[in-house]
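Here the structure is laid out as C-alpha cells; the discussion comes afterwards.
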Amino acid sequence: DNDLDFGVNMSVGTWVKLDSVGVSDMIVGKGSSYYLTVGSTTLGCDAEKFGFTSWAGSSWDCASSQTAPNTGEWYHVIGTSDGTDIRIYINGQLEATTTKGNPPASATFLVLGGNPTSSWSLPGVVDETFVTAELLTAAQISQIYESGRRALIANGTNTLSGSSNTVQAVGAVALSY
C-alpha cells in the first residue's frame, strides 16, 4: 500500500551489525521507492559499501558511503531525501550526496532485513529502525548517533540498550500496515 510514502521530505535509518558482507544486502526499504542497502550494485550503489537508493523512474540513483563495513561492528546508517538530493550518513557523519528527486510512491510494502520477493537478504541484525516524513538535519542525525553510541559504550557488550528488540535479519520480514 502507499503507507510510508512521504512525498518530498523523508528519513530512514537503523543500527546494523553484519555477520558477512555480500551483494545486494537489503537493510530496510520500500519496493520501487527507496532502500538502505549494503553492496547493491544492481541498484546503482558501490560494492561493499552502504547505500541509500531511490527509484528515478527508469533506474536507481544511489548515494554510496565511503565506509566499507566490517563484520561484527555496529553502524548507524541514515538515508535522507529532500526532493532534490538523497544523502547517506554513517555513524552521524554525512558520507555522500546524490542529486535526485524524492522517492516515488509505491504500492509495495516496507521490508526489513531483506526483500521477500527476491534473494536479497541481510546477514546480520538491525535495531532502532525508523522511517519518518521528517527531513532530519545533520545536527539531529549526529545527536541520534551519539545517543546510541553512548548506549553501546555503557552496555559494554557491543549491543544496544533494549537489544531485546533487535531483529535477526537473516531472511526477510515484510511489514505491512
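The first residue in the sequence is number 1, and the count goes up from there. Values in this document were obtained by computation on a predicted structure and should not be read as measured data.
Once rounded to the nearest 0.5 Å, the distance linking CG of Leu18 with CD of Glu48 reads 11.0 Å. Distance OG1/Thr14 to OH/Tyr75: 14.5 Å, rounded to 0.5 Å. Atom SG in Cys62 sits 11.0 Å away from atom NZ in Lys49 (nearest 0.5 Å). To the nearest 0.5 Å, the span separating OG1 on Thr53 from CG on Asp61 amounts to 7.0 Å. Taken to the nearest 0.5 Å, the OG atom of Ser65 stands 13.0 Å off from the CD atom of Gln93. Here the straight-line distance linking atom CG of Asn91 with atom OG1 of Thr67 works out to 7.0 Å at 0.5 Å rounding.
Considering every non-hydrogen atom in both Val28 and Thr129, the closest pair reads CG2-CG2, 4.0 Å. Between Trp15 and His76, the shortest heavy-atom contact is NE1-CD2, 3.2 Å. A pairwise comparison of heavy atoms in Ser64 and Ile88 identifies C-CG2, 4.1 Å as the closest pair. Contact detail for Thr71 and Ser20: the closest heavy-atom pair is CG2-CA, 3.5 Å. The heavy-atom pair separating Glu95 from Gln66 by the smallest distance is OE1-N, 2.7 Å.
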Can Leu43 and Met26 be said to form a side-chain contact (heavy atoms from CB on, under 4.5 Å), step by step? CA-CA 11 Å; Leu43 300 181; Met26 297 294 163; 3.4 Å; yes
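Within 6.0 Å of CD on Glu146 lie more than 12 heavy atoms contributed by other residues, nucleotides or ligands.
Qualifying side-chain contact (heavy atoms from CB on, under 4.5 Å) partners for Thr80, counting only residues two or more places apart in sequence or in other chains: Ser11, Ile78, Arg87, Tyr89, Leu135, Ile141.
Under the 4.5 Å side-chain heavy-atom criterion for Ile, Leu, Val, Met, Phe, Trp and Tyr, Val77 and Leu94 are members of distinct hydrophobic clusters.
Under the 30°/60° scheme for interplanar angles, the aromatic rings of Trp55 and Trp60 are found to stand perpendicular. Note: Tyr34 and Phe52 have tilted aromatic rings, judged against thresholds of 30 and 60 degrees for the angle between ring planes.
Side-chain contact between Leu136 and Ile144: present, with at least one pair of heavy atoms (C-beta onward) separated by less than 4.5 Å.
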